[in-house]
Amino acid sequence: MAFRLSSIGLAALPLIAACATVPAMSPTPAAAPSPVPVSSEGRFVEDLSRRTFDYFWDTTSVDTCLAPDRWPSNPFSSIAATGYALTAYGIGAERGYVTRDQAAERTRKCMEFYWNAPQGPAVSGTAGHKGFFYHFLKNGDGTRYRNTELSTVDTTLLLGGVLFAQSYFDRDTPTEAAIRDLAEKIYARIDWTFVQRERSTIPSANSKGGKAIAMGWYPERGTGGDFGTHDWVGYDEGMLVYILALGSPTHPVGKDAWDSGWAGKLGKSWGTYYGQEHLQFEPLFGHQYSHVWVDFRGIQDAFMAGKGIDYFENSRRATLAQRAYGIDNPGKWTGYSGDIWGWTASDGPGGAANGRVVNGKAREFQGYSARGVSSYRIVDDGTIVPTAAGGSVAFAPEIALPALMAMRAKYGDKLYQRYGFKDAFNPSYTFTDAGSRDGVVDAKDGWFARDYLGIDQGPILAMLENHRSGLVWKTMRKNPHIRRGLERAGFKGGWLDKAGE
């Protein structure tokens, strides 16, 4: 099945490798607490928050902050997952899961590692180039994993955690002062102009004119390296890439990058799906990632001002449309309902049972895929992804929290374990004879993923906290780089018009 490569996004495509498990360098976690009764929403939310925090605290390296891309298989580290880990540390301190001093010390070590990690154009032996980092890093020394790309969006997600830490750890102590200083250095080192491409001289598969930001760069592709074939153009998770590129105090891009790059083709994504008029993007991660760190409530760029809504409302509508799709269940998959729904990038059962019949129809199943639904495209193989609802809790808690509770109640510890929700499940895939490389197959309830994924755990924890207290949003409203980037992109109104927020 064909996808828009730009709609999958580099952050959403963990490299699937048959690698041996590498033990984490953090302390051995204590036994997980017993599951709480799901009849209590408040207790469930706290239990899920604590378990998901523990995922980052227990599995992320203490000294290097090399957060695993996935666990327990742990083939390599993901810089995007590390950004979520840094965000988790502040949330844990605020919630009392760990002390502030413990969180600060972990964060300082993390900042030191990424500031000192080798940079340069070499094909191997470095962690990044021009301030950017490679998508995946080796667990051992934190250098480039195989031939993974220098990733603009994954670096951006790392920076989300870096800048959150810079603003959260604001006390006058040596450790917290060091965090702020190192965060500034890591951000200021990045040369955002390096990843811009002049469309008139270097053609791109999905953009014309202007100076869009490329998704990735590869050092081995010709003299001086080369970019991937796609740029951040149109509505997707790349919004935060442009906000941070515009907000840079040292090497910013111009507003033409926003106007002709990310915002240049927004109109093509506008449409109506299940009664919700909004900018569409099939997998929900595109509606979630930028919102983890930026409070878009009440602020608008030119496009959204013309539509009379903001990007927060847009993501709320996308969430409502996904639930409506689940209720309608046009593909007649097993288990979908108004309480069991949610599609985004995730693991899947794979193709071992392709051609098998489910509910009277021969089916095709996928492994890791950018699942999602819109009026333009449906990518759905019966796999449901908890982070789709979990990362949307702040947008539509009235439907997202009941969905999470229903998943927990129906599938119990097949789905909900030590660190909360396993990555995905597929009630239609009951083919125990076919099996699955990436999960466990139950003859009654279907397929359940083996791993947790860091980039799917992160939005659950952060958006639960934004729903509960607004902590990440409030903290990031104080960050001058976030404000500068938004203002340079043309955002106005709401908290941007209030001094000191």
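Index from 1, following the sequence.
Distance alone, capped at 3.5 Å, places no donor-acceptor pair between the Asp231 side chain and the Ala212 backbone. The closest donor-acceptor contact from the side chain of Arg189 to the backbone of Phe132 lies at 3.5 Å or more, if one exists at all. Checking side-chain atoms of Tyr429 against main-chain N and O of Val441 turns up no donor-acceptor pair under 3.5 Å. A distance-only check finds a donor-acceptor pair linking the side chain of Tyr242 to the backbone of Trp232 [under 3.5 Å]. Under the 3.5 Å distance criterion, the side-chain polar atoms of Ser436 are matched with a main-chain donor or acceptor of Pro349. The closest donor-acceptor contact from the side chain of Tyr411 to the backbone of Ala406 lies at 3.5 Å or more, if one exists at all.
Using a 4.5 Å heavy-atom cutoff, the side chains of Phe227 and Glu149 are not in contact. Counting heavy atoms from C-beta outward, Met405 and Glu41 have side chains that approach closer than 4.5 Å. Tyr134 has its side chain within reach of Thr126: a pair of non-hydrogen atoms, C-beta onward, lies under 4.5 Å apart. Counting heavy atoms from C-beta outward, Phe76 and Leu137 have side chains that stay 4.5 Å or more apart.
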For a side chain to side chain contact (heavy atoms under 4.5 Å, CB included) check, start with the C-alpha distance between Lys138 and Arg144, then their side-chain angles and the critical distance, and finish with the verdict.
CA-CA 6 Å; Lys138 296 177 183 177; Arg144 184 190 189 196; over 6 Å; no
Assess whether side-chain hydrogen bond (donor to acceptor under 3.5 Å, both in side chains) is satisfied between Ser61 and Asp63, documenting all intermediate values.
CA-CA 6 Å; Ser61 162; Asp63 294 321; 5.8 Å; no
I would like to know whether Val45 and Leu401 meet side chain to side chain contact (heavy atoms under 4.5 Å, CB included); could you show each step before the answer?
CA-CA 8 Å; Val45 168; Leu401 286 174; 3.7 Å; yes
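For Tyr452 against Arg418, the heavy-atom pair with the smallest separation is OH-N, 3.4 Å.
Annotation: the span from Arg106 atom CZ to Tyr89 atom OH amounts to 4.5 Å, rounded to 0.5 Å. Atom CG of Asp181 is separated from atom CE of Met111 by 10.5 Å, given to the nearest 0.5 angstrom.
In summary, Arg43 and Asp47 do not engage in a salt bridge, as defined by a charged side-chain N under 4.0 Å from a carboxylate O. Between Glu176 and Arg100 there is a salt bridge, with a side-chain nitrogen of the basic residue lying less than 4.0 Å from a carboxylate oxygen of the acidic one.
Remark: Lys422 fails to qualify as a cation-pi partner of Tyr416 under the 6.0 Å distance and 45° angle criteria applied to the six-membered ring.
Between Tyr419 and the options Trp57, Phe56, Tyr55, a ring pair (Phe, Tyr, Trp, His ring centres under 6.0 Å) holds for only Tyr55. For the salt bridge (Lys or Arg N to Asp or Glu O under 4.0 Å) criterion with Asp295, the lone passing option out of Lys498, Lys474, Arg477, Lys478 is Arg477. For the side chain to side chain contact (heavy atoms under 4.5 Å, CB included) criterion with Leu159, the lone passing option out of Ile79, Ile190, Asp154, Leu86 is Ile190.
Heavy atoms of other residues, nucleotides or ligands lying less than 6.0 angstrom from NZ of Lys414 number more than 12.
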